[in-house]
Amino acid sequence: MKFLVTGVAGFIGFHVAERLLNAGHQVVGIDNLNDYYDVKLKLARLDLLKPYSAFTFIRLDLADREGIATLFCEGGFERVIHLGAQAGVRYSLDNPLVYADANLIGHLNILEGCRHNKIGHLLYASSSSVYGLNRKLPFSTDDSVDHPVSLYAATKKANELMSHTYSHLYGIPTTGLRFFTVYGPWGRPDMALFKFTRAMIAGEPIDVYNNGQMRRDFTYIDDIAEAIVRLQDVIPQPDANWTVEEGSPATSSAPYQIYNIGNSHPVTLMDYIAALEKALGITANKNMLPMQPGDVLDTSADTTALYNAIRFRPQTRVDEGIARFVNWYRSFYQV
Ligand SMILES: NC(=O)c1ccc[n+]([C@@H]2O[C@H](COP(=O)([O-])OP(=O)(O)OC[C@H]3O[C@@H](n4cnc5c(N)ncnc54)[C@H](O)[C@@H]3O)[C@@H](O)[C@H]2O)c1
């Protein structure tokens with residue numbers, strides 16, 4: 001099949017594209033290659049995809065309305081996996097407008113492309129951050145998510161609402177994927193594991209927020225990619241019996257579905273750091289800091305719906321995943 005993958009030079013987009021290509025699919029990947037983090041890392045990921053004859057890369061901004069419309073018109077895509085976005089909770093405190101362009105206008109341009117080109121299935125990245133002030137754990141897609149605590153989270157919730165509207169109005173099957181703190185080889189330099197590893201190897205202190213008293217459902221990248229590749233074949237169906245009063249917010253009378261993709265085994269930040277110390281053979285010098293605005297205390301995914309749909313749920317243990325990340329980091333940066 002022919003796929004459009006957005007954010008293809010990004011952490012998750014790269015892994016998903018590689019899997020699709022290895023499975024024999026055709027992939028057109030777009031990315032604007034912005035410098036939110038080291039562009040060399042994005043280019044190095046693309047270098048691994050370019051040798052596939054079934055891969056085409058186009059440098060394009062999601063907010064470029066005409067560019068995206070032309071891409072869809074000429075592309076002949078059967079499925080779209082939309083992973084391009086401005087990510088990061090903390091960056092959204094200081095740079096809110098970037099999120100409006102990439103995540104709101106960008107998402108709308110993708111929806112319009114799907115609407116006018118009869119796309120068979122749109123899968124798009126949402127985030128565990130939509131659970132915001134929710135306290136009931138584990139987080140379930142049956143819970144309401146109306147109280148985000150960062151603009152980033154609000155744009156992800158907005159993406160789910162916009163997608164529902166397009167599923168309802170135009171019958172486009174859409175699947176929203178709430179990822180829980182993804183980590184692993186080729187990961188993001190703005191995320192904790194990458195920052196800690198760099199600092200610890202350099203002999204610098206690491207910043208530990210909320211004195212390490214946070215729990216995260218860290219999810220290994222291969223598990224995320226596996227779930228996405230399985231889900232692209234699970235096309236949401238409209239449920240005529242669904243009602244707002246009795247149905248789950250994760251489904252609808254429209255062909256619309258939301259899943260959590262998380263490990264369901266949250267670990268404390270201190271245990272995560274301990275696993276990294278072990279993998280690196282270095283004890284971290286910890287700079288204990290208060291909670292950051294926009295952060296949440298705990299995340300934990302209820303993956304019952306995901307498992308029922310694809311008979312798979314993430315389960316890589318953090319010590320295994322961190323060891324694989326450290327191996328990749330040492331070899332990529334020659335340290
Ligand atoms: N990594 C995580 O832990 C995590 C958790 C929850 C949700 N997500 C979501 O998953 C998706 C992928 O995240 P990731 O970790 O791979 O991030 P990433 O930043 O590595 O990848 C996103 C890619 O999108 C590109 N991009 C950004 N703005 C763009 C624009 N306006 N036009 C074109 N391309 C643009 C970037 O250059 C980047 O290569 C994002 O939607 C993110 O919000 C990620």
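Both counts, for ligands and for their atoms, begin at 1 and track the order of listing.
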Looking at ligand 1, is there an atom of it that comes within less than 4.0 Å of some heavy atom belonging to [X]?
{"X": "Leu60", "result": "yes"}
{"X": "Tyr37", "result": "yes"}
{"X": "Gly106", "result": "no"}
{"X": "Ser126", "result": "yes"}

### Task
For residues Met162 and Tyr166, determine if any side-chain heavy atom of one lies less than 4.5 Å from a side-chain heavy atom of the other.
no
### Message
Quick check on the 6.0 Å ring-centre criterion: do Phe72 and Phe77 meet it?
### Response
yes
### Query
Looking at Asn34, which atoms of ligand 1 are within less than 4.0 Å of one of its heavy atoms?
26 (N), 27 (C), 28 (N), 36 (C), 37 (O)
### Message
Show the atoms of ligand 1 that are less than 4.0 angstrom away from any heavy atom in Met191.
### Response
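Numbered from 1, ligand 1 contributes 1 (N), 3 (O).
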Is [X] touching ligand 1 with its side chain, its backbone, both, or neither, if touching means heavy atoms under 4.0 Å apart?
{"X": "Arg178", "value": "neither"}
{"X": "Val182", "value": "both"}
{"X": "Tyr152", "value": "side chain"}

Under-4.0 Å salt bridge between [X] and [Y]:
{"X": "Asp298", "Y": "Arg216", "answer": "no"}
{"X": "Arg324", "Y": "Glu320", "answer": "yes"}
{"X": "Arg90", "Y": "Asp295", "answer": "yes"}

### Query
Within a radius of less than 6.0 Å around NE2 of His265, do more than 12 heavy atoms belonging to other residues, nucleotides or ligands occur?
no
